[in-house]
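A quick write-up on the structure given underneath.
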Amino acid sequence: MKKSEVKDLDKASRVIHAGGHPDPETGAIMPPIYQTSTYVQSSPGVHKGYEYTRSHNPTRTRLEECLASLEEAKYALVTSSGLSAEMLVMHTLPAGSTILCGDDVYGGTYRLFTTVFNEIHNFIFINTTDLEEVESKIKEHRPSLLWIETPTNPLLKITDIMKVTSIAKKYKVKTLVDNTFMSPYFQNPLSLGADIVLHSMTKYINGHSDVVGGALMLNEKKVYDKLWTLQNSIGPSQSPFDSWLVLRGIKTLAIRMEAHQKNAMKIAKFLESHPMVEKVLYPGLKSHPQHRIAKIQMSGFGGMITFFLKGDIKKSKKFLSKIQIFSLAESLGGVESLIEHPAIMTHASIPKKTRETLGITDNLIRLSVGIENVDDLIRDLENTFKIIR
Ligand code: PLP
C-alpha cells in the first residue's frame, strides 16, 4: 500500500500496514533485517540515504514510519531504550533549564533526573493532576519543559492532557507525555496538545518481553533534527534486529491492547470485591479518581492494575512468591501476566519517604495483566489469597 493510502486506515489496520510496503527488490512482504553497519557509496558522499547504521538503518526507518503513523506525528525517532530517549530529550535543553516533572513517574525516570541530569538541570516534582498546582508552579519557575506521565507508574494517576497542555501553551512551555502505559493504540497525546510523546517500546509496543527500546514522536522539525543529531552524536540507536522484532510485535498491538483491557477490567472488578483487598486502582473502574478524564482522553483503559493488599510487607512478599501464572518480574506490557512490588523492585530508587508521601506503600502490588485466559488468571489470584489468608 502507498503511504498516502495507509494514512486513512483505522489504527487496527495501520499497525499492520504503516511502514509495511513490500521490499522493492524482492517483493518480500516482511521488511528485511538490514543487519549491516555501513553502506557502499557509488562515489564519495553519493549514497542512497544510508551511510552508517548509528545514523540511519532501513529496518529502523520502517519502524519509525509505523510509529509516526500510530501517534499521528510527522516524525518518530527510535532509540535503544526508553531511558535513552529520555536522555536525548534532556540534552536538547540548554544547561540550567528547569523541568517540571510529575511526582509519580517511573522510578528509572526519577533516578535519571535526580542522579544524572540534576548536575545539569533543575527538576521540580509536582502533582500534574492538579491543574492549579501546574499553573502556579509554571508561573513561579518558568520551566522549559513540563514532563507528564499519564497514567502514572505505579499509581495510575491520570493527568488531563488537554487542560494541562493548554495551561503550558499560555506560558510558552513545551510538554512531553510519556505514553508508555496506554500505547499509541489507546491514547494520542499530540492530538491533545502535547509537543513530544515518549514510549518505552519495551512494553506494549513490542509486547513480547524480548526487546528493550524507546521512541519519540513529534511534529516540530527543528526539535526532531536536534534529537536526531544528538542520537547520531551520542549513539543510543536501536539495532536493526531489535527494530525488526518490534515491527513484528507491533502488528498485533490492536488485538493485544483490546485483550489486555478486557482481562484487566474483569480482574479489577474481581479484586475490588475481594475481602483481602484494601483498594484497587484501575482507570476503567468508576471508583478511579480520574475515571471521567480517562473516558474522555483514552480510547481504552489498558492492562495495568494496582491494588493494595490488606496486610503488611510480609503478607505482600508471601503473595508475590506464591502466585503461579503471574510471573514475579519487573517490566510490563507483554503478552504474559506479570506481578511486582514497586517499593522493592521498580521504584526502589525513589527514597522511602518520598514513596510513602506518594502512596507507594509496602502493601501496594502492581499487575501487568496479560492476554491469557482470564478465568485462569482469576483462579490464580483466588488461590494465592487462600494461601496467604
Ligand atoms: N517510562 C515508563 C512509564 C516506564 O515504565 C519505563 C520502564 O519501565 C521507562 C519509561 C523506561 O523505559 P526502558 O526500560 O525501555 O528504558
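Numbering of ligands and ligand atoms starts at 1, following listing order.
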- Is the closest side-chain donor-acceptor distance between S13 and D10 under 3.5 Å? no
- Any idea how F117 and H91 line up, ring-wise: parallel (<30°), tilted (30 to 60°), or perpendicular (>60°)? perpendicular
- Message: Tell me the protein heavy atom at minimum distance from atom 9 (C) of ligand 1, and give that distance in Å.
- Response: Y106 CD2, 3.4 Å
- Keeping the roles fixed (side chain from T79, backbone from P236), state whether a donor-acceptor pair exists under 3.5 Å. no
- Note on the structure: closest protein heavy atom to atom 15 (O) of ligand 1 is T202 OG1, 2.6 Å
- Mode of M201 contact toward ligand 1 - side chain, backbone, both, neither (heavy atoms, under 4.0 Å): neither
- Query: Should G213 be listed as contacting ligand 1, given a heavy-atom distance under 4.0 Å as the test?
  - Reply: yes
- Classify the contact between L83 and ligand 1 as side chain, backbone, both or neither, using a heavy-atom distance cut-off of under 4.0 Å. both
- Item | Proximal atoms of ligand 1 relative to E149 (non-hydrogen, under 4.0 Å) | 3 (C)
- Item | Distance (rounded to the nearest 0.5 Å) between I158 CD1 and I293 CD1 | 7.5 Å
- Item | Aromatic ring pairing F125/F123, orientation class (parallel under 30°, perpendicular over 60°, tilted between) | parallel
- Note on the structure: When every non-hydrogen atom of S243 is compared with those of Q238, the smallest separation belongs to OG-OE1, 3.0 Å
- Note on the structure: So for K203 against ligand 1, with non-hydrogen atoms under 4.0 Å, the contacting part is side chain
- Interfacing atoms of ligand 1 (cut-off 4.0 Å, heavy-atom, N153): 5 (O)
